[in-house]
Amino acid sequence: MLDLIILSLHFFICFLISVFIWHGPKDVDSHSSSTGRAETEPDGLIFIGKEEDIKKSQRITAKINGREIVVFYHEGKFHALDSRCYRKIFALVISDINGQACIVCPWHKFKITLETGEGLYEGINPLEPSPTPQWQSKGVKQRVHKVTIDNGNVYVSPPDLSVSFDSDYFADKYKNGGDLAMEK
């Protein structure tokens with residue numbers, strides 16, 4: 001019975017965190033900003049926001065060519081990933097897993113490293129005499145985007161779409177106004 005109460009409390013807390021993230025005033029469209037129209041730099045980088053503003057808010061969501069990405073500032077580093085986990089839900093929470101900063105989908109519980117977009121799961125080897133859970137890789141599931149800081153500005157490189165990742169399906173479906181489109 002205690003396990004059921006703890007599990008229910010866990011899901012409720014995850015739900016509250018996802019609502020907080022979803023309704024945060026941190027969204028920006030790369031085609032408009034408080035200073036007017038944001039432009040792609042000659043080197044192809046796309047302006048996302050001011051470094052200090054993103055550090056204060058810890059994250060910002062932006063659209064690059066219709067594709068939603070989220071830029072996180074976590075433990076002194078900037079990370080950019082597709083804004084939806086590779087199973088379609090938008091809200092993502094940062095957590096430390098096995099010494100790696102990861103986003104954790106509060107709905108699916110998928111764990112994705114901020115550095116590489118690699119999916120992680122905890123598995124056991126049933127052939128071991130005393131099997132203990134170990135973190136394993138599912139491979140890269142989430143598209144990560146290169147972040148560049150220049151003169152107090154944060155830029156993201158456009159995605160290299162010649163390589164495909166699981167998160168591309170939902171990024172494209174949302175971009176094209178599919179049934180997953182969520183409007184605020």
Side-chain angles (χ1 to χ4, degrees), residues 17-86 88-97 99-106 111-119 140-177 180-184:
I17 290 170
S18 66
V19 168
F20 174 75
I21 289 171
W22 176 252
H23 290 290
K26 304 168 193 124
D27 294 337
V28 69
D29 185 335
S30 69
H31 298 292
S32 62
S33 70
S34 60
T35 59
R37 184 174 169 85
E39 295 182 20
T40 302
E41 300 295 310
D43 56 5
L45 298 178
I46 300 166
F47 175 76
I48 298 298
K50 294 290 186 183
E51 181 178 11
E52 286 306 312
D53 293 340
I54 299 171
K55 283 181 176 179
K56 285 178 191 171
S57 67
Q58 302 293 301
R59 76 160 186 100
I60 189 167
T61 303
K63 279 190 178 178
I64 296 177
N65 300 325
R67 181 186 201 100
E68 280 191 3
I69 64 156
V70 63
V71 177
F72 291 102
Y73 179 74
H74 181 70
E75 296 183 354
K77 294 175 94 177
F78 287 92
H79 307 274
L81 298 97
D82 283 351
S83 68
R84 295 173 184 271
C85 91
Y86 61 94
K88 78 182 175 181
I89 300 297
F90 180 79
L92 303 167
V93 179
I94 297 179
S95 183
D96 181 70
I97 302 201
Q100 299 181 76
C102 295
I103 51 174
V104 179
C105 174
K111 287 116 178 111
I112 305 155
T113 64
L114 287 176
E115 288 285 331
T116 64
E118 182 178 17
V140 177
K141 299 291 185 178
Q142 195 82 7
R143 180 176 295 281
V144 295
H145 305 268
K146 184 177 186 258
V147 178
T148 303
I149 310 300
D150 184 34
N151 217 13
N153 294 323
V154 178
Y155 300 90
V156 173
S157 298
D160 174 10
L161 299 176
S162 67
V163 179
S164 175
F165 298 100
D166 291 358
S167 65
D168 291 339
Y169 174 78
F170 294 102
D172 289 340
K173 189 160 179 116
Y174 178 79
K175 178 172 91 172
N176 295 328
L180 300 174
M182 295 182 200
E183 299 203 17
K184 288 171 114 185

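Nothing fancy with the numbering, it's 1 onward along the sequence.
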Can you find a pair of side-chain heavy atoms, one from Leu114 and one from Leu81, that are under 4.5 Å apart?
yes
Gly44 and Pro158 have their tightest heavy-atom pair at O-CD, 3.1 Å
Is there side-chain contact between His74 and Gln58, with heavy atoms separated by less than 4.5 Å?
no
Are any of the side-chain heavy atoms of Val70 and Ile103 separated by less than 4.5 Å?
no
Sequence neighbours left out, what passes side chain to side chain contact (heavy atoms under 4.5 Å, CB included) with Lys55? Give chain and number order.
Glu51, Glu52, Tyr73, Phe78
Less than 4.5 Å apart, side chain to side chain, heavy atoms only: is that true for His79 and Val71?
no
Going through the distances and angles, do Asn153 and Lys50 end up as a side-chain contact (heavy atoms from CB on, under 4.5 Å)?
CA-CA 5 Å; Asn153 294 323; Lys50 294 290 186 183; 2.8 Å; yes
Can you tell if the side chain of Thr113 reaches within under 4.5 Å of the side chain of Cys102, non-hydrogen atoms only?
yes
Can you name the one residue among Asp150, Ile46, Ile149 that meets side chain to side chain contact (heavy atoms under 4.5 Å, CB included) with Tyr155?
Asp150
May I ask you to decide if Ala101's main-chain N or O and Glu115's side chain share a donor-acceptor pair within less than 3.5 Å?
no
Which residues share a ring pair (Phe, Tyr, Trp, His ring centres under 6.0 Å) with Phe165, sequence neighbours left out
none
Could you check whether any side-chain heavy atom of Ile64 comes within less than 4.5 Å of a side-chain heavy atom of Ile48, counting everything from C-beta outward?
yes
On a heavy-atom basis, the closest approach of Ser164 and Arg143 is CA-NH2, 4.1 Å
Pairwise distance CZ(Phe72) to CD1(Ile54) - rounded to 0.5 angstrom
12.0 Å
State, to 0.1 Å, how close Ile69 and Ala80 come at their nearest heavy-atom pair, and which atoms those are.
CD1-CB, 4.4 Å
For a quick check under 3.5 Å, do Asp160 and Ser162 share a side-chain donor-acceptor pair by atom type?
yes
Under the side chain to side chain contact (heavy atoms under 4.5 Å, CB included) rule, collect the residues that match up with Lys141, sequence neighbours excluded.
Tyr86, Lys138, Asp166
List the steps and the verdict of side-chain contact (heavy atoms from CB on, under 4.5 Å) for Val154 and Val147.
CA-CA 7 Å; Val154 178; Val147 178; 3.8 Å; yes
Could you please spell out the steps behind the side-chain contact (heavy atoms from CB on, under 4.5 Å) verdict for Leu161 and Arg67?
CA-CA 12 Å; Leu161 299 176; Arg67 181 186 201 100; 3.8 Å; yes
